[in-house]
Amino acid sequence: DTGVSQDPRHKITKRGQNVTFRCDPISEHNRLYWYRQTLGQGPEFLTYFQNEAQLEKSRLLSDRFSAERPKGSFSTLEIQRTEQGDSAMYLCASSRGLNGDTQYFGPGTRLTVL
Amino acid sequence: AQSVTQLDSQVPVFEEAPVELRCNYSSSVSVYLFWYVQYPNQGLQLLLKYLSGSTLVKGINGFEAEFNKSQTSFHLRKPSVHISDTAEYFCAVSHVGSGNTGKLIFGQGTTLQVKP
């Protein structure tokens, strides 16, 4: 069990650029979640995958955001035309198949939009 | 809709003193309850969770929490804190039920500052 990994750990970009983050969940976990955490706040849910199917998206996820999980393994989160308000820590978590199962979090990707 | 309120944004305490971090939630349906800890520059780590059964839940590092359904609370306690407990603590809930995604709704967090 190598844990949840995320890449990159830090990303600095200019406003208007596109960025993509990657999350590798724990291998036998079929649930994958993305959250966003801004300074001084708790994480906020963005989207949820069960295997390769994206089953829920938050209203926080504007049309500039897109997420995929091809083949039910790793996941990517892309932000198009970044804005300064997108600056945050983006967290990925994975869990087994049942509600109440522990979600294991990755270290996060810190995005700074200049 | 669900919401989680952590009543204290910062809790300063001296080493070896007891501590309580407060959490209240609002939900129209049954929930599971969690406490996570975030050490500086690290990811979130589960301290403990309540799913069902005994309302007193014991977790890692000597922490425990008690679920109080009538007061919709899930306060976290430790009888004697260490410097190493300095961190951000998050309370969270998720819906019970097979049709739900298990997504977590977090509180705003409480910073525990343990002083020597």
Side-chain angles (χ1 to χ4, degrees), chain A residues 1-7 9-10 23-26 29-51 53-61 67 69 88-110, chain B residues 1-10 21 23-25 27 29-53 57 59-60 67 74 87-111:
Chain A
D1 179 356
T2 58
V4 178
S5 61
Q6 293 185 246
D7 183 69
R9 295 290 305 274
H10 303 273
C23 170
D24 287 89
I26 294 171
H29 287 181
N30 56 28
R31 291 187 167 196
L32 187 146
Y33 303 84
W34 285 98
Y35 295 87
R36 181 170 67 188
Q37 185 178 19
T38 53
L39 199 62
Q41 299 296 318
E44 295 174 296
F45 169 77
L46 291 179
T47 191
Y48 160 67
F49 289 87
Q50 183 159 328
N51 299 310
Q54 187 175 20
L55 297 183
E56 185 172 352
K57 293 194 293 185
S58 164
R59 286 172 292 177
L60 291 175
L61 215 64
R69 192 183 182 195
M89 178 75 86
Y90 290 83
L91 300 170
C92 177
S94 71
S95 72
R96 296 179 190 272
L98 299 176
N99 288 336
D101 283 342
T102 298
Q103 290 187 27
Y104 294 85
F105 282 80
T109 295
R110 182 169 296 283
Chain B
Q2 298 164 302
S3 67
V4 178
T5 302
Q6 292 184 240
L7 297 161
D8 306 293
S9 59
Q10 294 189 0
L21 306 184
C23 172
N24 285 87
Y25 69 93
S27 178
V29 298
S30 296
V31 296
Y32 298 127
L33 296 137
F34 306 81
W35 274 99
Y36 278 84
V37 61
Q38 188 173 34
Y39 297 105
N41 300 316
Q42 294 187 29
L44 288 155
Q45 178 183 3
L46 182 73
L47 274 178
L48 49 78
K49 63 183 180 182
Y50 173 78
L51 302 182
S52 65
V57 180
I60 62 171
F67 170 51
F74 191 54
E88 189 82 11
Y89 291 79
F90 293 97
C91 181
V93 303
S94 70
H95 271 153
V96 173
S98 59
N100 294 300
T101 63
K103 69 181 179 187
L104 294 170
I105 308 299
F106 285 89
Q108 305 93 317
T110 296
T111 301

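Order of the sequence lines sets the chain letters (A, B, ...), proteins ahead of strands, with each chain counted from 1.
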key: Heavy atoms of other groups near B:I60 CD1, more than 12 under 6.0 Å   = yes
request  = Among the options A:P107, A:S58, A:G42, A:P43, pick out the one with the most heavy-atom pairs lying under 4.5 Å from chain B.
outcome  = A:P43
Is it the side chain or the backbone of [X] that comes within 4.5 Å of chain B heavy atoms, both, or neither?
X: A:Q37; result: side chain
X: A:R9; result: side chain
X: A:Q41; result: both

Nearest non-hydrogen partners of B:K103 and A:E56, listed with the distance = NZ-OE2, 2.5 Å
Neighbourhood of chain A inside residues 34-41 of chain B, taking heavy atoms under 4.5 Å as contact = B:F34, B:Y36, B:Q38, B:N41
key: Which residues share a salt bridge (charged side-chain N to carboxylate O under 4.0 Å, His left out) with A:R96, sequence neighbours left out   = A:E28
Let me know if [X] has heavy atoms under 4.5 Å from chain A in its side chain, its backbone, both or neither.
X: B:L51; answer: side chain
X: B:L46; answer: side chain
X: B:Y32; answer: side chain

inquiry  = So, taking the atom named CD1 in B:I105 and the one named OH in A:Y35, what distance separates them when rounded to the nearest 0.5 Å?
reply    = 7.5 Å
request  = Nearest 0.5 Å please: distance from the CG atom of A:L55 over to the OG1 atom of B:T101.
outcome  = 8.5 Å
